[in-house]
Amino acid sequence: AALVKAYGGSRLCELWVCTGDNLAAATIAAGALAVPASRTRAGQRPEDKREVVASLQRGGLEVIMVGDGLNDAPALAQADLGIAIGAGADLACDAAGVVLCRSSLLDLLAFRELCTATRRT
């Protein structure tokens, strides 16, 4: 809930779920993050995920991609900022600009606070 409030409640931020998992799993993840079906993609291959990111960029959006697996590496590299979950695949960590040390999406909140504090200095 804190993650959704911090990121999903902003007019400047759109949350998407883009996963290689099946539609049922994607729908559960999207529901937990209050992501609408129109911004949920299931059964995505690595190149599909990269294309979703590229499409959003062509639409004028800056994209932050968060991923943990080998299949996320192309999208992490394409994104304006790629964030890998630290316990993920080495290739995902190599492709990302930021690696979160723990396997918790809640660390995105700490990362956001660090970025905000850094900008103030």
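Computed from a predicted structure; not experimentally measured. Both backbone and side-chain heavy atoms feed into the values below; hydrogens, waters and symmetry mates do not.
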Are the side chains of L81 and I83 in contact, using a 4.5 Å heavy-atom criterion? yes
**Asked** Considering only heavy atoms from C-beta outward, does the side chain of R120 approach that of T116 to under 4.5 Å?
**Response** yes
Review point. With a 4.5 Å heavy-atom cut-off, do M65 and D72 have their side chains touching?
Key: yes
All heavy atoms of D21 vs all of A25, minimum pair found to be CB-CB, 3.8 Å
| query | Side chains of E51 and Q78: do they bring a donor and an acceptor to under 3.5 Å? | reply | no
For the residue pair L61 and E14, establish whether any side-chain heavy-atom pair is separated by less than 4.5 Å. yes
Smallest heavy-atom separation, T19 atom then A26 atom, equals CG2-CB, 3.5 Å
Practice item. In sequence, state the C-alpha distance, the side-chain angles, and the governing distance for N71 and K49, and then conclude on side chain to side chain contact (heavy atoms under 4.5 Å, CB included). Key: CA-CA 8 Å; N71 292 335; K49 293 178 184 185; 4.1 Å; yes
Check: Does atom CD of E47 have more than 12 heavy-atom neighbours, drawn from other residues, nucleotides or ligands, at distances under 6.0 Å?
Finding: yes
On a heavy-atom basis, the closest approach of A96 and G82 is CB-O, 3.4 Å
- [ ] Measure from the side-chain N and O atoms of D80 to the backbone N and O of I64, and report whether any donor-acceptor pair falls under 3.5 Å.
- [x] no
Heavy-atom nearest pair, G69 first then A92, reads O-CB, 3.3 Å
(request) Check whether any side-chain heavy atom of V52 lies under 4.5 Å from a side-chain heavy atom of Q44, and answer yes or no. (result) yes
Residues L15 and L33: closest non-hydrogen pair is CD1-O, 3.9 Å
Check: Is V98 close to F111 at the side-chain level, that is, under 4.5 Å between some pair of heavy atoms?
Finding: yes
Next on the checklist: Contact between V63 and W16 at the side-chain level, heavy atoms closer than 4.5 Å - yes or no?
Outcome noted: no
In this structure, CG of D107 is separated from CD1 of I85 (nearest 0.5 Å) by 7.5 Å
